[in-house]
Structure formats: C-alpha cells, structure tokens
Amino acid sequence: MASYLELFCGVVVLLIVFYYYRISHYNFWKKRGVFGPRPNPIFGNLLDLTLARVSISDVVVNLYKKYKHEPVVGLFDGTSPVLVLHDPDIIKNVLIRDFSSFQERPHTVHERTEPLSPHLVQLDARRWRPIRPKLTPFFTSGKLKEMFTLMVEVSKNLEGYLNDVVGTGKPVEVRELTAQYSTDVIGTCAFGLNMNAVGEENSEFRRIGRQIFEGNMENFLRLKTRLFCPNLYNLLGYVVPEKTLTRFFTKLVMSTIKYRKEHGIYRPDFINALAELHNHPEQIEGVEMTDKLLTALAAGFFAAGFETTSTSMSWTLYELAQNHEIQDKLHEEIKAYHDKYGDTYTIDSLKELKYVDKVFKEALRKFPVAGLILRRTTSEYTFDTLKFTLPKQIGVWIPLFAIHRDPEIYPDPEKFDPERFNEEQVATRHPMHYLPFGDGPRNCIGSRFANLEAKLGLITILRNHKVDVCEETTIPYEFDKRALLLQPKHGLYLKVTKIE
C-alpha cells in the first residue's frame, strides 16, 4: 500500500514541477511590461489555431481589436514568446531601419523531412544574404520586358480557353482558371517549359501545384507539426520524409540544367540564374550550392509564383462580380486601351491602366495572400520607444490582415473601394499600413513580376467578358482554417458571359 502511495505522490510532484516549469516561461512579457492575453499553461495562446478551429485571420483580427491601442502585444506559441506589432513606426524599424536585427523568418527549415523547404522565403539568414543578390537580377526591368512577351503568349491561350468555357454556359471556378494561367506563366518564364495547364485538367504541373497547397489531411498534419512541434517534425525525416514533390522538382530542375549545358542553350529565365550558381559556386561565399538547395530554390519560386498570383486574381474577380459599377468602369478603361493599342501589350503601355492598378491594389488590401508578416530576431534588440530588450531568436508578427481591415485606416473596410488608392488618399496613410508584398530587404522578390502577371491575366479575362455571381457563388466567403495562406474554403464559382 505504501509503495502505491509513494508512486502517487511522486506523480503528483512531477506534475506540479512540470506545471510550474511551463508557467515560468509565461512571465516573459509580464517582466517587460507588455500586455497580452493570458496563455493556456500547456498550449500558450494558439490552441484554437493549432486545432484549426479558427483561421489565422481570426486570430490576428481578434487580437488587434482587443489591444488596438497597444503598440505591441505579447503572445505565446506554446511556451515560445511572440511579439505582435501594431505601431507602424515600430513595424518600419523591424522591416527596414533595423533590419539587420530581424533578418530571419521564424520558419525552421527541415531539410531532412522536407528537402524542398530551404527556398528563398524560409532560408536562414546565413544563406539568404549571399543568395538573394544573385537572384535579384532576374527581376530587373530588362528581364521583365523579355519575360512579358512570354506572358502575353500565355494570355492568348487563356483567352481562347475562356471562350470555349463560356460557350458551355456552366459556372467557372475562377480560382482554378487563374491557377492554370499562373502555372503556365511560371512554367514558361521561370523554367522555359510549356506546362500546358490552361484547359488541361490532367496537366502534371497543375496537379503538382494543387498538391502543394490543397488543404488535405497530410498537408494539415505536416503544417501543424512543423509549426508547433518543430523538433518532432525534424525527427520525422527519418520515418516519413516528403518524397513526391522532391522527386518531381529534382528531376525537372537538374535535367533541365544538364540539357541546356550539353546543348549550349540559353534562356533569360530563373533556371538560367540557378544554372549560373550551379556552374560557378564560388560566387556564393560560405554557402554550398548543392543540387538539393538549387532544387529547393526553384520549387519555392514555382509555388509562390503561381499560388499567390492566382489567389489574388480570383479574389479580384469575386469582388468585381458583386460590384458591377466598378466592373463597368474597368471595362471602359480596358476598351479605351485596346482602341488605342489594339492587341499590342507592353509593360510601359500597361502603366496607363490606372484604374486596373487601383482595383488590384484594393484586392490585395482586402485579401492579402498572407495574413501575417513574420520575422525573428537574429540578435539582441532594444526598442527605443518601448524601453525593453528582446533576446535573440524571438518571433515577431506583423498582423497584416488586421491592419488592412482597420476601420480607422480604411473606413468601411469590408467595402471594395478602389478609390482608396487615389494619390490623395494614399498620401494620408502611413506606408506601413499597406504591405501586401512586405517591405525592406526581405520583401517579396517577385512582386513586380506578380503584378504584371496578374494585371495581364485580369485584362485578358475582362476584355471581352463580364463576371457575375451565380447560385454556386459562396457569399459570404469563408477562409480555409487548415491553410497557412488566406485561401477560400470552397471554390470561387462565378458566371462568366461574353460582352456583346
């Protein structure tokens, strides 16, 4: 009997020790005078997000509303402290002025479990610093002009396919339509390949694209384990490493580089930029340019390039279908453009489409692809205005979605209003209150490419067609709680008809 009592007392002591060990971490923000919600002793503040009961948009908006007038808020991801920034000047310091102290994103790269994870978005600062400058020339004005002619060819395929689809009279799932278009753009501009995604349900590249981002159970479990149990996820590399995508992109990238080298082929695309790094590894001091790293960089560009653009385009069409006055004004501008230039598209002439630009900016305001901008301290950092110091390796969140929906910054934020981006209104806002592509040295490297791709695609769709809601259109929309990015839970179905 005594032995059972001793065992029971031992278990109770261990539980008490474990409990106090856990809650001892939760004094982190209190000691620094930072306000925030009370954490759960086991799961911190993100249990509902972990279990997919809420989307990331719900988390940031609820927190932002509750602590609206606090410059920063303290959270806990498990026992790990996370600082959420509200004040735009502090955000500017983190992204731009004091970037050297916030060079990394808080994603852990799991190269054993996910060989494609060390791409440019997630790459650690040590490797990111020398690699990014070598890839930036791919996005210069000269290179973009060369690639734009390839985009135009893809847009012609899109227009032809759309005419066929409209003839069936069936609703169009515009997210799938725009994903097919953006997949072909990335294929031809980045890989020098015709991916045949537009109009081809069985396109291998489109299938791979769906597999990367679809909200299936495997992706959900991998995402949550990666975010909230990173050490466990790293160990899973010995048991269940990701193989399908890795094999696909490794074969694609390395065979393309080899073929071009053997046949003396040159194309001004992303694969060529990677081939230069592969052939001249001495250009990247202190970084081993392995085949795995090159493949990861290419796969990351493919994923980011098609998904972010296609999602933004589909949200734009979704809003236009519900706002016919805006759509009519857009049609008028597009018609005037074609009356002037015919079927000739150039980067310079597209700049004349001011209203197209406003419409797309408003879509990115209301539906930023990522609800958060994430950073992590790479050195100890003291905030001038807050008078406290963050240690190294502390996560920092910028609640982009909540800022873009703040009624004090954007009155009536649920309303789709392109006039928010008149020069006069833009001048009244802090530049850190509009960050669809981030800002500072680690902003989106392909933002100009994405803007061109999206605007050309929207012009192509809307030149001779109009979009309307139909019975299959989900109103109001709902975000997918399983997805890392802000994606609709259901497809975005619209009625597309020919303009007579």
Side-chain angles (χ1 to χ4, degrees), residues 48-62 158 161-162 165-166 168-183 197-203 206-224 303 306-324 327 360 362-372 401 404-405 413-416 454 457-458 461-462 465-497:
D48 286 341
L49 182 63
T50 306
L51 299 178
R53 294 172 181 166
V54 297
S55 69
I56 192 63
S57 62
D58 297 321
V59 173
V60 297
V61 167
N62 293 336
L158 173 63
Y161 172 65
L162 189 58
V165 170
V166 169
T168 67
K170 296 179 180 179
V172 177
E173 209 288 85
V174 293
R175 190 157 177 261
E176 177 63 24
L177 176 72
T178 56
Q180 291 175 359
Y181 162 73
S182 60
T183 298
V198 173
E200 294 291 335
E201 293 184 5
N202 298 320
S203 166
R206 182 68 196 108
R207 178 182 61 79
I208 290 294
R210 290 193 198 98
Q211 189 171 335
I212 294 172
F213 288 101
E214 68 182 354
N216 58 34
M217 185 55 67
E218 180 183 346
N219 282 355
F220 172 73
L221 292 175
R222 282 185 176 275
L223 170 64
K224 297 305 178 181
F306 94 82
E307 175 64 22
T308 56
T309 305
S310 62
T311 300
S312 298
M313 288 175 63
S314 57
W315 283 124
T316 306
L317 294 169
Y318 177 80
E319 286 293 340
L320 290 174
Q322 299 172 73
N323 295 274
H324 282 209
Q327 187 177 170
F360 190 56
E362 173 66 349
L364 291 173
R365 191 277 307 173
K366 191 173 180 181
F367 301 100
V369 176
L372 291 170
F401 184 86
H404 281 195
R405 298 290 185 101
E414 290 294 329
K415 180 181 179 182
F416 190 79
L458 290 170
I461 293 170
L462 296 169
H465 301 89
K466 62 179 180 179
V467 292
D468 293 284
V469 298
C470 57
E471 291 184 2
E472 289 81 1
T473 307
T474 302
I475 300 175
Y477 57 84
E478 182 181 353
F479 291 124
D480 187 349
K481 296 180 177 63
R482 289 185 174 185
L484 179 62
L485 302 179
L486 291 177
Q487 301 171 346
K489 183 177 180 180
H490 308 288
L492 295 180
Y493 288 89
L494 299 176
K495 180 182 179 182
V496 183
T497 54

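In this text, all values refer to a predicted model and were calculated from it rather than measured experimentally.
- Closest of all the heavy-atom pairs between His465 and Leu162 is ND1-CD2, 3.6 Å.
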Checklist entry - Do Ile461 and Val174 pass the side-chain contact (heavy atoms from CB on, under 4.5 Å) test, and can you show the C-alpha distance, the side-chain angles, and the key distance before you say yes or no? => result CA-CA 10 Å; Ile461 293 170; Val174 293; over 6 Å; no

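- With rounding to the nearest 0.5 angstrom, the CG atom of Leu320 is 13.5 Å from the NZ atom of Lys466.
- Closest of all the heavy-atom pairs between Thr473 and Cys470 is OG1-N, 2.9 Å.
- In this structure, the separation between OG on Ser55 and CG on Asp48 is 11.0 Å, given to the nearest 0.5 Å.
- To the nearest 0.5 Å, atom CD of residue Gln327 and atom CD of residue Glu319 are 12.0 Å apart.
- Looking at Phe360 and Ser312, their side chains come closer than 4.5 Å, going by heavy atoms from C-beta outward.
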Could you pull out all donor-acceptor pairs under 3.5 Å where a side-chain atom in residues 488-497 meets a protein atom, sequence neighbours excluded?
none

Next on the checklist: With side-chain contact (heavy atoms from CB on, under 4.5 Å) as the criterion, how do Gln487 and Arg175 come out once you've worked through the C-alpha distance, each side chain's angles and the decisive distance to 0.1 Å?
Outcome noted: CA-CA 10 Å; Gln487 301 171 346; Arg175 190 157 177 261; 3.4 Å; yes

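- Considering all non-hydrogen atoms of both residues, Leu158 and Gly457 come closest at CD2-O, 4.1 Å.
- The backbone N or O of Tyr318 sits less than 3.5 Å from a side-chain atom of Gln322, completing a donor-acceptor pair.
- We find the OG1-CG distance between Thr308 and Leu486 to be 12.5 Å, quoted to the nearest 0.5 Å.
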Checklist entry - side-chain contact (heavy atoms from CB on, under 4.5 Å) between Asp58 and Phe401: does it pass, once the steps are laid out? => result CA-CA 9 Å; Asp58 297 321; Phe401 184 86; over 6 Å; no

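- Between atom CZ of residue Phe416 and atom CH2 of residue Trp315 there is a gap of 12.0 Å, rounded to the nearest 0.5 Å.
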Checklist entry - side-chain contact (heavy atoms from CB on, under 4.5 Å) between Thr178 and Thr316: does it pass, once the steps are laid out? => result CA-CA 11 Å; Thr178 56; Thr316 306; over 6 Å; no

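- Glu414 pairs by the side-chain contact (heavy atoms from CB on, under 4.5 Å) definition with Lys366, Arg405, Tyr477, not counting sequence neighbours.
- Residue Tyr161 holds its OH atom at 5.0 Å from CD of Gln180, rounded to the nearest 0.5 Å.
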